[in-house]
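Worksheet: the structure to be examined is printed underneath.
Labels below follow one simple rule: chain letters A, B, ... track the order of the sequence lines, proteins then strands, and each chain is numbered from 1.
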Amino acid sequence: MSFSTGLSLTDLNDYISPSQSCIKPVEVNKKSDIQQAIKIDQTGDYYEVAHDGTSTKLETASISLNDCLACSGCITSAESVLIALQSHKELLDVLDKNRVARDEGRLDDVKVVIVSISPQTYATFASKYSITLLQTAQRITSVLKNLGVDHIFDTSFSRDLSLIRIAREFVDRYRTAKAAPRSATRSETSLPMLASACPGWVCYAEKTHDYVLPYISKTKSPQQIMGSLTKFFFADKLNTQRQVASNDTLSTITPDRIYHLSIMPCYDKKLEASREDFFIPDFNAKEVDCVISSGELDKLMEERGIDFPNVDEVPLDRLFTKRNLARAAGTSSGGYLEYILSYSARELFGLDLKGDDVERGESSLLKIETVRNADFREVSLILPDGSVGLRFAATYGFRNIQTLMRKIKIRRCQYDFVEVMACPSGCINGGGQLKPGLLESITPAVNGSSEALGNGPLALKAMKPKEWIQLCERVYRTLPTQDPMANLPLQDVVHDWFGEAGLDSQKAERFLATKYRALERESTITAVVGW
Amino acid sequence: MAKIKLLAELKGHHDRTWQISWHRSGQFLCSCSGDRTVHETKPVPVDHPLVWHCLDVLEGVHKRTVRGVAFSPVGDDIATASFDGTTGIPSRPGYECVAPLEGHENEVKSVAWSHTGNLLATCSRDKSVWIWEVLGDGDFECVSILQEHTQDVKMVLWHPTLDILASASYDDTIRIWRDDDDDWYCSATLSGHTSTVWALDFNAAGDHLVSVSDDQTMKFWRCETPHELTSTGATLRFRQDPTWKCVATLANHHTRCIYSVSWSKIHGLVASSSGDNSICIFAPDRITAAHGISDINCVQWNPSPDYADILASAGDDGVIRIWQVTDVE
Ligand code: SF4
Ligand code: SF4
């Protein structure tokens, strides 16, 4: 099995990966019926030992994706398969096939190719080339359109929907939790509610901390909401347009006729796209067909000989893209804490608090503390009478997740909501982002970035990883903020898609919510001998 | 030639005994075993350790073998490392029950408190080393998860006076960990052993380290602090960490894997124990005595100046032996 060239396994340890051994890694070649022994040497290679004592090294079997999905033996190996299957080569393949189909007049075989790009991807490229995020988006749009991509969307658009849904979910949950008598069971109305947008964290919880699953919000991540948007809402829209164009003889666009790729800051998003809940059985299709990382996009451009600094800047697609690429207030991990806090301050306590206030920490209604390290923040809403109304926290990185897990386990967690992200520093530092070591060819940084270096134009490659992350975060925050509710095109989408009932409708529930399940681990603990 | 006298045999455990930890007073010790319990034992009377008396048997904390045990260097807390994947802070009479620390994927091999008792380190077959900050009142905060070892980590141990951690692994190396700002990093990797490093210990000053290995050797390492770097702009940003240099290798004393080593902070003698059923005592690189009955998993010098001649050992026979070492010139 080969990995896409932009990726090596070492990239994967950005969150969790003490790996376990695969329980069916070898294909035993049954040459004879006589039982043979298998031994494993120190390097983990397998040998078949025949009766005469000779041993033959066994080939590691190639494991298909289906094998792994059917087996939860070692989820880590399964993950690497899932990751390897999604690469930028796949996008190029699809585009090539489209070209051939068009040439041969098989128009029904041509897929509508959509690429959704995360704002963290824009931020990492903007930092590398010292250009604005808007310029970055315009250049990437130009690159992708030239390759033959039909539509380019921005996942901050779907993130607004994710934010609105999760804020409503929180308020409901909070009210239910407060109305119910204190109970010892952990249920889907217990507090804290935990953010669900980071698949690194969600997968980890499913594998190792099943007691925590009821706390995780049911709201789908921005990537997967964009998946429903493109495969259902957008497909319908395309079909309506086609019916209107009178002489159109093409058949209906179904989810399988759309190829949807997203560009994300981490490999975990590939695993998320492969979750069974995001599969559309009726059409044998996925909401998101393929996910590539920012680094893989970089690789693709390099392979195609694209000189990014000299790429034209073309207008962005209008649909599902925020004008000016406006962001929600908060960190580059999405602003869940900020938005939910401001929304529920209003809904639950009638207090006027803006997301921007929470981001800046400038309000007498707030108390903000860095608990132990920069990746563990506590933000409390202070009511006018001085009491604490809501306790929120943001915990980034594996070690802070451990502390949070322990608090929940021993029932000493006082928070109402926690924005949990697997990567230290959050999504801007995802395992698939550009790294300072990869920036060698780049000339000295200018503008905002030189000040980050402290002493003038040192080359970016001399940056320490921490400085680079800080720079990217700062670049991300140069985007103007916008309240998700002020995203008017989104309001129209909600209305068109879900009808009068809007987010209260069954349909909204179907497309915007998901669920989690504990993954049984093979008990490796009991299988092992020795000390 | 030193005289070594067996003072007492403590036969409480029902399975092999893995590790011993002395209370800092030197007046009692705890031991852990494959029988899933920890025993706290005390000599009666205190200054004549011939008769020992079991104070407490800590049961039910772990579902599998308790592989490691450590007395806090400040309070009276005990930490245990178990093959059930958890690290216990067992409750004892007068102590509040604390939920075990979870997180390792599989067997926890060793546990250690830092010199102030504020940090707790654990290591596991899952190749990782974890550091927890002890916040008191049963609260622990995970401050770092270190994954540089490429194999099973056998032992963790803190520097006697600084927040510096050492770990020994099946990958044949020792790693030294330090903190920078709010995160921990590997500041040195000590390579030289040709097989699993089972145990290590610092000297009292903390500028030397002794390690023992499956390769049947014992190595001494000296810490060398680098001189100020005469550097050009670009390299200035890199921190300079002390390096550890192997200054001596002792071979041919043990004939099988060496499992444990203890470097007395009081008189500087080094004791080692081995799968060859013997204990060796080294005064500056000279072997003075060997002794033993079965695989010996652990040796520990008494930490108190008042009982510095007392050595405890734990073996596969499930017995803890108390030795007195005298007449070392
Ligand atoms: S998930 Fe199952 S099939 Fe896949 S690699 Fe692991 S053990 Fe093998
Ligand atoms: S924090 Fe963000 S980048 Fe990191 S794993 Fe989670 S979603 Fe991916």
Side-chain angles (χ1 to χ4, degrees), chain A residues 10 13-21 42-44 74 76 204 207-209 211 370-376 395 397-412 424-425 453-456 458-459 461-467 521-531, chain B residues 16 18 34 63-65 67-68 82-85 97-109 124-128 130-133 135 137-149 151-152 154 170-171 180-184 195-196 198 233-239 259 297:
Chain A
T10 50
N13 60 15
D14 57 328
Y15 66 114
I16 10 164
S17 54
S19 56
Q20 307 164 34
S21 44
Q42 285 205 344
T43 60
C74 93
T76 342
Y204 176 70
K207 284 184 217 168
T208 56
H209 292 81
Y211 60 87
T370 297
V371 180
R372 293 276 141 186
N373 50 61
D375 281 341
F376 201 141
T395 57
F398 194 32
R399 60 177 170 157
N400 292 323
I401 289 181
Q402 296 306 323
T403 304
L404 178 69
M405 290 303 94
R406 183 170 168 81
K407 278 184 195 291
I408 293 177
K409 176 104 195 212
I410 64 178
R411 298 174 194 278
R412 285 211 195 155
S425 307
L453 290 164
N455 50 352
L458 272 180
K461 67 174 168 182
M463 274 188 153
K464 283 194 203 165
K466 240 186 201 159
E467 295 168 337
R521 276 206 309 177
E522 292 287 318
S523 174
T524 46
I525 285 190
T526 46
V528 179
V529 247
W531 45 79
Chain B
R16 57 177 66 161
W18 282 117
K63 296 189 198 70
R64 295 187 61 211
T65 290
R67 177 64 179 85
S82 168
F83 284 1
D84 66 13
C97 175
V98 176
L101 300 171
E102 298 180 0
H104 279 297
E105 268 189 33
N106 43 42
E107 292 91 330
V108 185
K109 297 298 179 77
S124 157
R125 187 169 74 81
D126 70 13
K127 306 173 193 168
S128 65
W130 291 44
I131 300 175
W132 296 83
E133 187 170 338
L135 302 177
D137 196 21
D139 269 349
F140 285 80
E141 181 175 290
C142 178
V143 292
S144 203
I145 295 159
L146 304 160
Q147 309 201 37
E148 274 93 331
H149 276 299
Q151 295 288 346
D152 190 356
K154 299 294 187 187
Y170 182 65
D171 67 13
D180 166 35
D181 216 347
D182 70 12
D183 210 355
W184 290 73
S195 188
T196 306
W198 276 97
T235 50
L236 254 179
R237 61 178 63 246
F238 300 109
R239 64 196 153 214
Y259 288 125
N297 298 314

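- Rounding to the nearest 0.5 angstrom, the gap separating the NZ atom in A/K466 from the CG atom in B/D180 is 5.5 Å.
- A/R399 places a side-chain N or O within 3.5 Å of a backbone atom of B/V143 that can act as its donor or acceptor partner.
- Rounded to the nearest 0.5 angstrom, B/D139 CG and A/K407 NZ are separated by 5.5 Å.
- Of the atoms belonging to B/L101, heavy atoms from both backbone and side chain fall under 4.5 Å from chain A.
- Between B/E102 and A/K409 there is a salt bridge, with a side-chain nitrogen of the basic residue lying less than 4.0 Å from a carboxylate oxygen of the acidic one.
- In this structure, chain A has a heavy atom under 4.5 Å from the side chain of B/L135, while its backbone stays farther away.
- Contacts of A/N400 classified as side-chain hydrogen bond (donor to acceptor under 3.5 Å, both in side chains), with partners at least two apart in sequence or in another chain: A/N373.
- Taking CZ from A/F398 and OG from B/S128, the interatomic distance works out to 8.0 Å, rounded to the nearest 0.5 Å.
- In this view, B/D171 and B/H149, B/T150, B/Q151, B/S169, B/T173 satisfy the side chain to side chain contact (heavy atoms under 4.5 Å, CB included) rule, not counting sequence neighbours.
- In this structure, B/W132 CH2 and A/T403 OG1 are separated by 6.0 Å, a value rounded to the nearest 0.5 Å.
- When atom types are taken as modelled, the side chain of A/R406 and the backbone of B/A99 share a donor-acceptor pair closer than 3.5 angstrom.
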